[in-house]
Amino acid sequence: CGEGRACDEATGACVPGPCASPVTVPAGEFLMGTDDAEAPADRKPEHQVEVSAFAIDACEVTNDQYRACVEADVCSVPGSNRSSTRTHYYDRDPYDDYPVIEVTWDDARIFCEWLGKRLPTEAEWEKAARGGCELGTDPAACDDGDRGTWPWGDEAPDCTLAHIDG
């Protein structure tokens, strides 16, 4: 696969080295949701949730990885070949290592099952996304500085902090 890359054993696709292995998130409690008055109702209220230990991939599924599932006649082709900034995205080599987009929840579930994995639950996803002191420690030990809006704090997201559109 080349320097700084590893072969995903399940798909045969080359991926950035740190993305080749899942990350184990330890069992424990964390604070899920928010009490922010501006937040949508489906994110309220903040409440304590306990989850069992689980594994989650550290990086997004790439076009190349997903294409292997399509070529195995297991997964459906993404709903569009385009991205918001590129007319050809899924079908071009320069974007093989980019995250696959335009797949449904069912597409993602089928892809995970093809690999012998599963999608995380909503609680697992939020615990993994929160990072910081929320992982494997007592939520009461977290102070307000650890409970940012985003895993990196309260700074508004931009393309240096997250994969975003716009």
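Between Trp105 and Leu119, some side-chain heavy-atom pair lies under the 4.5 Å cut-off. When side chains are defined from C-beta on, Phe54 does not count as touching Thr121, because their heavy atoms never get closer than 4.5 Å. Under the 4.5 Å side-chain criterion, counting only non-hydrogen atoms from C-beta, Asp57 is not in contact with Val23. Counting heavy atoms from C-beta on, the side chains of Glu122 and Trp125 never come closer than 4.5 Å. Counting heavy atoms from C-beta outward, Lys127 and Phe30 have side chains that approach closer than 4.5 Å.
In this structure, Gln65 and Glu60 approach most closely via the heavy-atom pair OE1-O, 3.8 Å. Nearest heavy atoms, Glu126 versus Leu31: OE2-O, 4.2 Å. For the residue pair Ala53 and Ala27, the shortest heavy atom distance occurs at N-CB, 3.3 Å. Contact record, Tyr95 with Arg86: CE2-NE, 3.0 Å, taken as the closest heavy-atom pair.
No side-chain donor-acceptor contact under 3.5 Å links His88 to the backbone of Asn81.
Criterion: ILVMFWY side-chain heavy atoms under 4.5 Å apart, direct or through other members. Under it, Ile101 and Val70 are not part of a common hydrophobic cluster. Cluster membership check: Val61 shares its hydrophobic cluster with Ile110, using side-chain heavy-atom separations under 4.5 Å among Ile, Leu, Val, Met, Phe, Trp and Tyr. Following chains of ILVMFWY side-chain contacts shorter than 4.5 Å, one can reach Val25 starting from Met32, so the two form part of one hydrophobic cluster.
By the 4.0 Å N-to-carboxylate-O rule, Lys44 lies too far from Asp36 to be salt-bridged with it. By the 4.0 Å N-to-carboxylate-O rule, Lys117 lies too far from Glu113 to be salt-bridged with it. Under the 4.0 Å criterion applied to side-chain N and carboxylate O atoms, Arg118 and Glu124 are assigned as salt-bridge partners.
The environment of Arg43 atom CZ is sparse: at most 12 non-hydrogen atoms of other residues, nucleotides or ligands sit within 6.0 angstrom.
Here the straight-line distance linking atom SG of Cys75 with atom CG of Asp106 works out to 11.5 Å at 0.5 Å rounding.
Checking Asn63 against Asp96 by side-chain atom types alone, no donor-acceptor pair falls below 3.5 Å.
Between Tyr90 and Tyr66, the ring-plane angle classifies as perpendicular under the 30° and 60° cut-offs. Using cut-offs of 30° and 60° for the angle between ring planes, the Trp114 and Phe111 rings count as tilted.
Here the rule is side-chain contact (heavy atoms from CB on, under 4.5 Å) with Asp107, and of Ser76, Cys112, Pro78, Cys69 only Ser76 fits it.
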Query - Stepwise side-chain contact (heavy atoms from CB on, under 4.5 Å) check, Thr62 with Val100 - result: CA-CA 5 Å; Thr62 66; Val100 68; over 6 Å; no

